[in-house]
Amino acid sequence: MQDKVSFVNAEPYAFELVPARCALVIIDMQRDFLEPGGFGEMLGNDVSQLRRTIEPNRRLLAAWRAAGLMVIHTREGHRPDLTDLPPSKKLRGRGETTIGDSGPMGRILVRGEAGHDIIPELHPEQGEPVIDKPGKGAFYATDIQSILQNRGISQLVVTGVTTEVCVNTTVREANDRGYDCLVAEDCVGSYFPEFQEMGLKMIKAQGGIFGWVTSSAKIIAAIGES
Ligand code: C5J
């Protein structure tokens with residue numbers, strides 16, 4: 001029997017969503033990036049720019065789970081001994097407090113620390129893979145590709161933070177590996193409004209050079225139909 005297809009109104013043109021072949025990938029919705037008092041805010045960023053994505057992500061995740069579709073969560077972070085932290089990443093920005101140092105919610109971007117965890121609103125459920133990634137993209141030095149292949153996934157709905165960094169890097173990595181990526185614009189966020197706008201434009205430009213962009217409401221409507 002053929003898998004069902006739902007057409008999602010998207011830019012630059014309709015996305016042919018095949019729910020049985022599509023995973024929802026939620027990028028780095030971690031406490032240190034999103035919560036007041038976390039590392040992101042400590043660096044002077046306006047976390048409200050990211051927090052506006054929580055509710056749309058919560059609704060999309062609930063619909064995705066209710067439809068019994070595959071969900072994958074990612075977290076950016078490093079081993080406690082920092083052996084997987086490139087010296088260049090440690091030094092970049094010349095900050096006083098950098099990755100691995102003590103921050104407001106434990107050691108910054110270190111696995112197992114409170115700030116590294118996913119926010120409670122979007123916490124993974126039993127059976128949902130969590131990809132711990134040392135880089136910006138979800139495919140670098142992780143097993144996400146085997147997980148997707150083993151489940152017959154060929155499309156990704158991508159959400160999370162930040163739009164121009166880990167979301168864009170993951171979409172580009174996935175695109176090069178042959179995945180069709182649909183980004184939910186209200187479910188991705190940047191600390192910088194201009195990067196939010198350009199980060200989305202770059203994905204859908206030139207006929208969808210990296211993928212498609214739509215809203216979470218349209219994705220929810222499409223999975224409801226199928
Ligand atoms: C992510 C970052 N998740 N901005 N990380 O985008 O450093």
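Every heavy atom of this structure was used, including side-chain atoms; hydrogens, water molecules and symmetry mates were not. Both ligands and their constituent atoms are indexed starting at 1 by order of listing.
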In ligand 1, the atoms that come under 4.0 Å of a heavy atom of Asp28 are 1 (C), 3 (N)

Whether the side chain of Asp32 engages the backbone of Gly38 through a donor-acceptor N/O pair (distance < 3.5 Å, no angle test) should be reported. no

Per-atom contacts, ligand 1 versus Lys136 - under 4.0 Å to a heavy atom: 2 (C), 7 (O)

Take Ile118 and Ile26, measure what side chain to side chain contact (heavy atoms under 4.5 Å, CB included) needs, and give me the verdict at the end. CA-CA 10 Å; Ile118 291 172; Ile26 306 177; over 6 Å; no

May I ask you to test the Lys133-Tyr140 pair for a side-chain heavy-atom distance under 4.5 Å? no

NZ/NE/NH1/NH2 to OD/OE distance under 4.0 Å, Arg107 and Glu113: no

Look only at interatomic distance and state if Val161 has a nitrogen or oxygen under 3.5 Å from any nitrogen or oxygen of ligand 1. yes

With Gln149, which residues qualify under side-chain contact (heavy atoms from CB on, under 4.5 Å), at least two apart? Gln145, Tyr179

Side-chain contact test, heavy atoms from C-beta onward, threshold under 4.5 Å: evaluate it for Val25 versus Thr159 and give yes or no. no

For atom 5 (N) of ligand 1, grab the closest protein heavy atom and report residue, atom and distance to one decimal in Å. Glu76 OE1, 2.9 Å

In ligand 1, which numbered atoms sit nearer than 4.0 Å to a non-hydrogen atom of Val165? 2 (C), 4 (N), 6 (O)

For Cys166 and ligand 1, does the shortest N/O to N/O distance drop below 3.5 Å? yes

Interfacing atoms of ligand 1 (cut-off 4.0 Å, heavy-atom, Thr162): 1 (C), 3 (N), 4 (N), 6 (O)

